[in-house]
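Report on one structure; see the data block that follows.
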Amino acid sequence: MKILDEIQAEAWHILISIYTHQRLMEALPKSATRYDLANQLVALNALGEILVIRIARLADKRKEARSVSLLLKRGTFSASKASVKSAAEKFLSLAEPVVKIRHEQIAHMKPGILSSLEPQDLPVEALRATESLIELIDTAREKRISYTYKVGSMELIIDLRASLVAGAMVAAQ
């Protein structure tokens, strides 16, 4: 598997995390019991943290980390190196605040930062970085990539990319 394929697979997981977080937030008022509500709050916070961690990993600048930096160094793609580099720099720039969130609120717990069971919206910075990541992959592939989610033969196919933009479930066409 090429580094671009691995990053694209990671992007799919990021989109699934965002999609699932959105659906769980919608379902909070319908919790059958207080334990169900509490369980959903724990799951929501975990999804938010994993989203931040996944984006921060892709912004890692260490030599051997599977990241956008490694894609620029060793990746093979049909697009021009300059266009991929420009898209990568945009992603890395938008991911900087996400990396800061990871360092201060998740990995190292800056003094004064406390964990909470209150439902948290996903950081806008993470959503913007995700959109930029998707654009980077499109640029490197020189085509618009489809990200879909289907859990069974009788269920709708979900367009994860459109769901990200809409902030709601969007069925694939």
Side-chain angles (χ1 to χ4, degrees), residues 1 4-60 62 65-68 71 90-138 145-152 154-172:
M1 183 177 268
L4 181 57
D5 298 328
E6 293 179 18
I7 289 173
Q8 185 174 327
E10 189 68 15
W12 184 86
H13 284 281
I14 288 168
L15 288 169
I16 286 292
S17 296
I18 293 168
Y19 175 80
T20 302
H21 188 280
Q22 291 169 340
R23 302 301 69 78
L24 286 174
M25 286 291 278
E26 290 170 358
L28 272 180
K30 301 171 194 160
S31 299
T33 69
R34 290 182 187 155
Y35 279 114
D36 289 339
L37 175 64
N39 292 341
Q40 284 190 295
L41 292 172
V42 170
L44 281 165
N45 289 332
L47 280 168
E49 287 184 0
I50 197 67
L51 173 66
V52 167
I53 290 168
R54 285 181 182 277
I55 292 169
R57 278 194 312 220
L58 290 173
D60 195 325
R62 290 177 300 137
R66 178 181 64 210
S67 65
V68 169
L71 173 68
K90 180 180 177 187
F91 166 76
L92 292 170
S93 173
L94 288 169
E96 282 179 22
V98 179
V99 171
K100 185 176 180 181
I101 291 168
R102 180 216 170 263
H103 290 335
E104 293 181 357
Q105 297 177 24
I106 298 170
H108 305 299
M109 294 295 286
K110 181 178 175 182
I113 303 291
L114 301 173
S115 296
S116 169
L117 275 182
E118 295 295 318
Q120 303 292 318
D121 288 330
L122 294 173
V124 172
E125 300 89 343
L127 299 175
R128 296 303 76 84
T130 300
E131 291 168 349
S132 180
L133 175 63
I134 300 306
E135 290 171 17
L136 166 60
I137 295 165
D138 287 352
I145 302 300
S146 173
Y147 298 89
T148 59
Y149 181 50
K150 184 171 180 166
V151 295
M154 302 302 289
E155 285 74 26
L156 289 172
I157 298 173
I158 306 303
D159 182 331
L160 294 172
R161 185 181 189 135
S163 296
L164 170 66
V165 172
M169 184 186 83
V170 177

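One is the number of the first residue; the rest follow in order along the sequence. None of the values given here were measured: they were computed from a predicted structure.
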Original post:
Step by step, would you call Ile50 with Arg54 a side-chain contact (heavy atoms from CB on, under 4.5 Å)?
Top reply: CA-CA 6 Å; Ile50 197 67; Arg54 285 181 182 277; 3.9 Å; yes
Provide the closest heavy-atom pair for [X] versus [Y] in the form atom of the first, atom of the second, distance.
| X | Y | value |
| --- | --- | --- |
| Ile134 | Ala11 | CD1-CB, 3.9 Å |
| Glu131 | Leu164 | CG-CD2, 3.8 Å |
| Asp121 | Met25 | OD1-CE, 3.4 Å |
| Ala56 | Val98 | N-CG1, 4.5 Å |
| Gly167 | Arg23 | O-NH2, 3.6 Å |
| Glu26 | Ala168 | OE2-CA, 4.4 Å |

Does [X] come within less than 4.0 Å of [Y], counting only side-chain N to carboxylate O?
| X | Y | answer |
| --- | --- | --- |
| Lys150 | Glu155 | no |
| Arg66 | Glu10 | yes |
| Arg161 | Asp138 | yes |

Subject >> Partners passing salt bridge (charged side-chain N to carboxylate O under 4.0 Å, His left out) against Glu125 (at least two apart in sequence or in another chain) >> reply: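 By the salt bridge (charged side-chain N to carboxylate O under 4.0 Å, His left out) rule, Glu125 matches no residue at all.
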Taking the side chain as everything from C-beta on, heavy atoms only, tell me whether [X] gets closer than 4.5 Å to [Y].
| X | Y | answer |
| --- | --- | --- |
| Asp60 | Val68 | no |
| Pro123 | Val52 | yes |
| Ile18 | Thr130 | yes |

Once rounded to the nearest 0.5 Å, what's the spacing between atom [atom1] of [X] and atom [atom2] of [Y]?
| X | Y | atom1 | atom2 | value |
| --- | --- | --- | --- | --- |
| Ile101 | Ile53 | CD1 | CD1 | 12.0 Å |
| Leu37 | Lys30 | CG | NZ | 13.5 Å |
| Leu92 | Ser67 | CG | OG | 8.0 Å |
| Ile55 | Arg102 | CD1 | CZ | 13.0 Å |
| Leu24 | Thr20 | CG | OG1 | 6.5 Å |
| Phe91 | Ile137 | CZ | CD1 | 9.0 Å |

Subject >> Audit row: Leu44, Gln120, side-chain contact (heavy atoms from CB on, under 4.5 Å) steps and yes/no >> reply: CA-CA 7 Å; Leu44 281 165; Gln120 303 292 318; over 6 Å; no
Original post:
Stepwise, does the side-chain contact (heavy atoms from CB on, under 4.5 Å) test hold for Leu136 with Lys90?
Top reply: CA-CA 8 Å; Leu136 166 60; Lys90 180 180 177 187; over 6 Å; no
**OP:** Using only heavy-atom distances, determine whether the side chains of Ser163 and Gln22 contain a donor-acceptor pair under 3.5 Å.
**Re:**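 Side chains of Ser163 and Gln22: no pair found under 3.5 Å.
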Original post:
Has Lys100 got more than 12 heavy atoms of other residues, nucleotides or ligands less than 6.0 Å from its NZ?
Top reply: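 Check fails, neighbour count at 12 or below.
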**OP:** State which residue, out of Ile16, Ile14, Leu15, fulfils the side chain to side chain contact (heavy atoms under 4.5 Å, CB included) condition with Trp12.
**Re:**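 When side chain to side chain contact (heavy atoms under 4.5 Å, CB included) is applied between Trp12 and each of Ile16, Ile14, Leu15, only Ile16 qualifies.
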**OP:** Measure from the side-chain N and O atoms of Ser17 to the backbone N and O of His13, and report whether any donor-acceptor pair falls under 3.5 Å.
**Re:**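 A pair under 3.5 Å: yes.
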Original post:
For Ile158, does its backbone N or O pair with a side-chain atom of Thr148 as donor and acceptor, under 3.5 Å?
Top reply: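 Checking the backbone N and O of Ile158 against the side chain of Thr148, no donor-acceptor pair under 3.5 Å is found.
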